[in-house]
Amino acid sequence: MSSTLKDVTYNRSEAVHDTGWWRQAVVYQIYPRSFADSNGDGIGDLRGIISRIPYLAALGVDAIWLSPFYPSALADGGYDVDDYRDVDAKLGTLDDFDDMAAILHAHGIKLIVDIVPNHTSNRHVWFQEALAAPAGSPARERYIFRDGTGPDGAQPPSDWHSSFGGPAWTRVADGQWYLHLFAPEQPDLNWDNPEVRADFIKTIRFWADRGADGFRVDVAHGLAKDLREPLPAWRTLDEELLLRGAHPFTDRDEVHDIYAEWRRVFDEYDPPRSSVAEAWVHPSRRSRYASATSLGQVFNFDLVELTWNPVSYRRVIVDSLADAAAAGSSNTWVLSNHDVVRHASRYGLLSEAASHEGRVVSRQWVQSGGTTPAYDSELGLRRARAASLLMLALPGSAYLYQGEELGLPEVPNIPDEHRQDPTFFRNSGVDKGRDGCRVPIPWTGDGPSFGFGTGTAHLPQPEWFAAHSVQAQEADPESTLLLYRRGLRWRRRLQTTEELPWLDAGSPSVLHFARKGGWQCITNFGPEPVPLPAGTVMISSAPLVDGALPSDTTAWILATAERSADSMR
Ligand code: NOJ
Ligand code: CA
């Protein structure tokens, strides 16, 4: 290793000492039912994940986050949990979980599990007890039951909508109604109830004791509620309430009292368990979840909203870093996850949409079955690769979604009879749902499910998945998979303090910034090639053209070293 490179080599014990491992971690999200199927029943499982740990280690991720693997009837892809302290029999056993945790740890990979505290499933023992018990009983007090309005209480207690469409209240046999901000199979818990609070502490300890290094907290903004009568009308639930923390069920200030209690539990462990909030809140209130006395880190989905636009990208980066720093946390970067259209497809949509409408347009495209707006898959992949390399150069942690390292596009035209997402069933004709990013991963170019398992996959995979398989990409030095592997190796080696000075790129279409130690990142969003700064090009998302950075391309430069990129391949 040359002395210059040594100067900038990331010193893990200094920059990411154990207690802060999450600050700049690369976290790979696994949607367990669609990752790898070990027994050919078409459903991904924990043994399947175990079989792919060498793949994750070779990719170079620091941690994995598992979407729910708990017993569930899958009314919402597993976010309807029957039992928080078990593994779904179709996915494996607690012993499999223990093996998985141990093998991940042996590979130096941390494990984040998903906690779903806003709602249980309707099959949870508590909800079954509540249904069997009378109005006003302690069993009903764990949830949010109310009498209806109108003659005979036949109207719901309020006119609120659920997030998946349809009313937020469902009536039970004795005439009472229960609240569900999501599907009817996901009754909301009552977080004023001490038993609910105590049970989640038990769940946190259960998984932390079994080796979970951190937690992703689902619907973190939803737990605290003010449901004093009269319940306000839906049309009055406006932004002004949100900004004041006075909305009846979203982002109330008291929610942080719950997390302060969790934090005390996380801090009993060595190293302390980390957590990241999934909080869909006004950007000005997001950092509350990232405070050291709350969950410590919060998802920032701003990049998911954007089209491929340098001005918006720069604004989001500047604002996000400032917000995270003000909270004493690091930012989280997300381009794809199990709820949004994959970014390789979002960036291929030929639309004139405003720069903040990237997510909205991509949903419309899925709704049209992938026909409108027009789609250029090559352009999408080219921009996705540039975006990923840009994201991976930013200070903070990067959350990758399974398959994005393959540049995998969305499947926009799943036949309706195969759809699983409640968004589709509850919004007929309006939203086709999120199944298109949850199609099982292609590992090989052939076989009944492209190497996902020995049977057919639980969601149909299109023929074109073959070309994106891990097997095909491992054989192609220019593949997206190898780009991610090289990028993550360089990132690990060059990782440094969390500052980001911007450099003058000479054009508003070019974003150019430095990281301490000579690492620079430059992205050309414009149509014409631009000259590169002095230094060695370590990696680029597309080949250079006569030594210049072409359109829709990102390159990382080592400004002080003379080392060639080849040595890292
Ligand atoms: C957020 C999860 O990411 C999503 O998949 C789920 O549908 C909702 N929370 C409800 O739990
Ligand atoms: Ca299976």
Which residues pass the salt bridge (charged side-chain N to carboxylate O under 4.0 Å, His left out) test with Asp76, sequence neighbours left out?
Arg434

Near-ring test Tyr28/Tyr401, centroid separation under 6.0 angstrom
no

Suppose we screen for ring pair (Phe, Tyr, Trp, His ring centres under 6.0 Å). Which residues come up paired with His512, at least two apart in sequence or across chains?
none

Pairs in or reaching into residues 354-378: which pass ring pair (Phe, Tyr, Trp, His ring centres under 6.0 Å), with residues at least two apart or in two chains?
Trp365-Tyr375

For Arg315, check salt bridge (charged side-chain N to carboxylate O under 4.0 Å, His left out) against everything at least two apart and list the hits.
none

Residues forming a ring pair (Phe, Tyr, Trp, His ring centres under 6.0 Å) with Phe299, sequence neighbours excluded
Trp65, Phe301, Tyr399

Please list, chain by chain and in numerical order, all residues satisfying side-chain contact (heavy atoms from CB on, under 4.5 Å) with Asp416, sequence neighbours excluded.
Arg419, Phe424, Lys432

According to side-chain contact (heavy atoms from CB on, under 4.5 Å), who are the partners of Val26, at least two apart in sequence or on a separate chain?
Val61, Asp62, Leu392, Leu400, Leu488, Arg491

No-hydrogen, no-angle side-chain donor-acceptor test under 3.5 Å, Asp188 and Tyr178
no

Taking only residues two or more places apart in sequence or in another chain, which ones pass ring pair (Phe, Tyr, Trp, His ring centres under 6.0 Å) with Tyr70?
Trp207

Going by the rule salt bridge (charged side-chain N to carboxylate O under 4.0 Å, His left out), which residues pair with Arg382 if we only count those two or more places apart in sequence or in a different chain?
none

Relative to Trp443, does Arg52 satisfy both conditions: NZ or CZ under 6.0 angstrom from the six-membered ring centre, and within 45 degrees of the ring's axis?
yes

Would you please name every residue forming a ring pair (Phe, Tyr, Trp, His ring centres under 6.0 Å) with Phe425, sequence neighbours left out?
none

With sequence neighbours left out, write down each residue that passes salt bridge (charged side-chain N to carboxylate O under 4.0 Å, His left out) with Arg426, or none if nothing qualifies.
none

Within the 3.5 Å criterion, strictly below it, is a donor on Asp80 or Asn122 matched to an acceptor on the partner's side chain?
no

Can you name the residues that form a side-chain hydrogen bond (donor to acceptor under 3.5 Å, both in side chains) with Ser397, not counting sequence neighbours?
Gln297

